[in-house]
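Counting starts at 1 for both ligands and their atoms, in listed order.
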Amino acid sequence: MVPKGASERAETSGYRKLELFFMSGTGNSYRNAKWIEAEAKELHLKTNINLVPATHPTSVSMERQTLYGFVMPTHAFTAPWPMIKFVLRLPRARGAHAFSIVGRGGSKAGNTYIPGLEGTACYLMALLLLLKGFSVRGVLAVDMPGNWVVAYPAPSPEKAAGIINRARAKTLAFFAKIMEGKRSFGGWIGLGFGFLLAPISIAYLIVGRFFLAKIFFANNDCNGCGLCARNCSYGGIRMRGLEKPRPYWTYNCENCMRCMAYCPEKAIEAGHSWAVILYFVSSTSVSVYLLNLLAPYTGEIVMNPWLALPLQYAYLLASMAAAYWLFSILLRVPLINSIFTHTTFTHVFRRYHEPETKARDLL
Ligand SMILES: Cc1cc2nc3c(=O)[nH]c(=O)nc-3n(C[C@H](O)[C@H](O)[C@H](O)COP(=O)(O)O)c2cc1C
Ligand code: SF4
Ligand code: SF4
C-alpha cells in the first residue's frame with residue numbers, strides 16, 4: 001500500500017532514481033538495503049540494488065537526480081575494506097546526493113538491547129563520499145544481530161528477531177528523513193570511541209584481516225562439497241586436494257562470516273588454540289630475532305626502520321602463509337583436526353545469518 005502522500009514526497013525530494021550499493025557477509029546489510037528498496041518502490045522511486053564487490057565501480061554512472069545509498073557492516077570499529085575500496089574507485093559524483101548506513105553487531109541481554117559500536121565507520125564513509133564529490137545527506141548506524149561468531153556466539157533466533165524489528169523501524173525512519181530532503185547525522189559518541197579505537201581499526205586493515213583469514217579451518221565433519229568456496233564473493237577459499245577436497249583460506253578472505261554461517265555441516269571453525277600458535281610464529285619478537293641474526297651479514301642497514309618495517313611486514317605475511325600451509329596438511333590427520341576443533345570456542349558457538357536471507361541472495 002502506498003502511504004498517503006508518499007508519491008508526492010518522492011516528487012518533492014526531486015530524486016528520479018535510487019542506486020543502492022550493499023556489501024553483506026551474513027545478510028544483515030542486504031536486509032537493510034531490501035527494506036529501503038521496498039520503501040522506495042512504495043514511493044514510486046525507480047530503484048536498483050547493486051552488490052559490492054560484484055559491481056564494477058567505474059561502471060556506475062553519476063546523475064544529479066539520482067540518490068546513492070551505501071549499506072555495509074562495521075568491521076573492527078570502521079568501514080569494511082571492500083566498501084572503502086569500492087567508493088574510492090567510483091567516478092566523480094559532481095554533487096549527487098548520497099547516504100550511508102552501517103550495520104553494527106547488536107545483542108540482547110534479557111529485555112535489554114545492547115548496541116554494537118560503529119566507531120569511525122559512518123564518518124569515514126561520509127568523508128570518502130565527500131572526497132568523491134557527493135553531497136552527503138546523512139549517515140546511520142543501526143544495530144543488527146552480531147555476526148562475528150569468531151568472538152562471541154550469535155544471539156538466539158528470538159533475540160535476533162527482536163533486534164531486526166527495531167532495526168527496520170530505525171532504517172525506514174532515517175530513509176524517510178532523507179526523502180523529505182532533511183539531513184540526518186548522528187553517531188557522534190560512536191565516532192568519539194572510533195578515534196580512541198583507531199589503532200585497532202588500522203591494525204585490522206593492515207594485518208588483522210590477513211591473520212583472521214588464516215585461523216579458519218574445516219573440522220572433520222566437512223564433506224568437501226565446496227559450497228563455502230562457491231558462496232564466497234571474494235575468492236577467499238580454494239578447495240585443495242583431489243581425493244577429499246578441503247577448503248583452504250587465502251588472503252583474499254574479508255572475514256565476512258558467510259562461509260561459516262551457511263556451511264550445511266557446520267564444519268567451519270575459527271581455531272582459537274591455533275591463533276595462539278600463529279600469533280607466536282608471526283609475532284614481531286620472532287621477526288626482530290631473525291633480523292638480529294641477519295645483521296652480522298648485512299650490517300646495521302637491516303636494522304634501519306625504513307627497511308626493518310617492510311621486512312617485518314613481509315615476514316609476518318610470509319610466516320602466516322607458511323604456517324597455515326603446514327597447518328592445513330596436519331588437519332588431514334583426524335586426531336590433530338579433532339584436537340584443534342575441541343580447543344576452539346566456535347565449536348560450541350551458535351552460527352548466524354539473517355533468517356530470511358539465502359546465500360544466493362548475496363552473490
Ligand atoms: C570481522 C568483523 C568485525 C566486526 N566488528 C564490529 C565492530 O567493530 N562493531 C560492531 O558493532 N559490530 C562489528 N561486527 C558485527 C557486524 O558489523 C554486524 O553484525 C553486521 O550487521 C553484519 O552485517 P552483514 O551480515 O551484512 O555482514 C563485526 C563483524 C565481523 C565479521
Ligand atoms: S566446510 Fe562446509 S561448505 Fe565447505 S566444503 Fe566443507 S562441508 Fe562443504
Ligand atoms: S572466506 Fe568466508 S569469511 Fe572469508 S570472505 Fe569468503 S565467505 Fe567471507
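Nearest residue to atom 18 (C) of ligand 1 from Met144, Met260, Arg104 is Arg104 (criterion: closest heavy atom). Considering Ser29, Ala141, Gly27 only, the shortest heavy-atom separation from atom 26 (O) of ligand 1 involves Ser29. Remark: among candidates Gly226, Ala359, Ala218, the nearest residue to atom 5 (S) of ligand 2 is Gly226, based on non-hydrogen atoms.
Looking from atom 9 (N) of ligand 1 to the surrounding protein, the closest heavy atom is Leu117 O, 2.7 Å. With hydrogens left out, the protein atom closest to atom 15 (C) of ligand 1 is Asn147 OD1, 3.4 Å, a heavy atom. Nearest protein heavy-atom contact of atom 1 (S) of ligand 2 is Ile268 CG1, 3.5 Å. For atom 4 (Fe) of ligand 3, the closest non-hydrogen atom on the protein side is Cys253 SG, 2.3 Å. For atom 2 (C) of ligand 1, the nearest protein heavy atom (residue, atom name, distance) is His75 CD2, 3.6 Å. Taking atom 8 (O) of ligand 1 as the reference point, the nearest protein heavy-atom neighbour is Phe77 N, 2.7 Å. For atom 8 (Fe) of ligand 3, the closest non-hydrogen atom on the protein side is Cys256 SG, 2.3 Å. Taking atom 21 (O) of ligand 1 as the reference point, the nearest protein heavy-atom neighbour is Asn28 ND2, 2.9 Å. Protein heavy atom nearest atom 6 (Fe) of ligand 2, with residue, atom name and distance: Cys222 SG, 2.4 Å. Protein heavy atom nearest atom 4 (C) of ligand 1, with residue, atom name and distance: Thr74 O, 3.3 Å. Here the protein heavy atom with the shortest distance to atom 25 (O) of ligand 1 is Thr26 OG1, 2.5 Å. Looking at atom 5 (N) of ligand 1, its nearest protein heavy atom turns out to be Ala76 N, 3.0 Å. Considering only non-hydrogen protein atoms, atom 2 (Fe) of ligand 2 sits nearest to Cys263 SG, 2.3 Å. Nearest to atom 7 (S) of ligand 2 among the protein's heavy atoms is Asn223 OD1, 3.3 Å.
When hydrophobic clusters are built by joining Ile, Leu, Val, Met, Phe, Trp and Tyr residues whose side-chain heavy atoms come closer than 4.5 Å, directly or via intermediates, Val139 is not grouped with Leu117. A single hydrophobic cluster is seen to contain both Ile237 and Tyr251, as judged by linkage of ILVMFWY side chains at heavy-atom distances under 4.5 Å, directly or through other members. With hydrophobic clusters built from ILVMFWY side chains whose heavy atoms lie under 4.5 angstrom apart, Phe195 shares a cluster with Leu205. Following chains of ILVMFWY side-chain contacts shorter than 4.5 Å, one can reach Trp274 starting from Val149, so the two form part of one hydrophobic cluster.
At a heavy-atom cutoff of 4.0 Å, ligand 2 is contacted by no atom of Arg246, backbone or side chain. Contacts with ligand 1 closer than 4.0 Å are made by side-chain heavy atoms of Tyr204 only, the backbone lying farther away. Under 4.0 angstrom from ligand 3, there are no non-hydrogen atoms of Met260. Contacts between Asn252 and ligand 3, counted as non-hydrogen atom pairs separated by less than 4.0 Å, are absent for every part of the residue.
Aromatic ring orientation, Phe70 versus Phe21: parallel (interplanar angle below 30°, classes split at 30° and 60°). The aromatic rings of Phe345 and Phe349 sit parallel to each other, their planes meeting at less than 30°, with 60° as the upper class boundary. In this structure, Phe99 and Phe174 have perpendicular ring planes: the angle between them is above 60°, well past the 30° mark.
Under a 4.0 Å criterion applied to the non-hydrogen atoms of Pro145, ligand 1 contributes the atoms 19 (O). Per-residue contacts place Cys259 under 4.0 angstrom from the following atoms of ligand 3 (heavy atoms of the residue considered): 1 (S), 2 (Fe), 3 (S), 7 (S). Here is the list of ligand 3 atoms found below 4.0 Å of a heavy atom in Ile237: 1 (S). Which parts of ligand 1 touch Met257 is read off a 4.0 Å heavy-atom cut-off, strictly below it: atoms 31 (C). Listed by number with element, the atoms of ligand 1 under 4.0 Å from a non-hydrogen atom of Gly105 are 10 (C), 11 (O), 12 (N), 15 (C), 18 (C), 19 (O). Each of the atoms 3 (S), 8 (Fe) of ligand 3 lies under 4.0 Å from some heavy atom of Met257. Distances below 4.0 Å separate heavy atoms of Glu254 from the following atoms of ligand 3: 4 (Fe), 5 (S). Proximity to Tyr234 (heavy-atom distance under 4.0 Å) selects the following atoms of ligand 3: 5 (S). Which parts of ligand 1 touch Gly146 is read off a 4.0 Å heavy-atom cut-off, strictly below it: atoms 19 (O).
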(request) Evaluate ring pair (Phe, Tyr, Trp, His ring centres under 6.0 Å) for Tyr324 paired with Tyr248, printing each intermediate quantity in order. (result) CA-CA 9 Å; Tyr324 188 70; Tyr248 184 93; 5.0 Å; yes

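Residue contact check for ligand 1: Tyr352 places no non-hydrogen atom closer than 4.0 Å to it. Contact between Lys266 and ligand 2 is absent, with no heavy atom of the residue lying under 4.0 Å from the ligand.
Not one N or O of Trp148 is nearer than 3.5 Å to an N or O of ligand 1, by distance alone.
A distance of 10.5 Å separates OG in Ser338 from CD1 in Ile336, rounded to the nearest 0.5 Å. Atoms CG and CG, on Leu90 and Leu129 in that order, are 8.0 Å from each other to the nearest 0.5 Å.
Within the 2.8 Å limit, Cys228 places no N, O or S atom next to atom 8 (Fe) of ligand 2. For residue Cys232, no N/O/S atom approaches atom 4 (Fe) of ligand 3 to within less than 2.8 Å.
Taking the centre of each ring, Trp188 and Tyr123 come in below the 6.0 Å mark.
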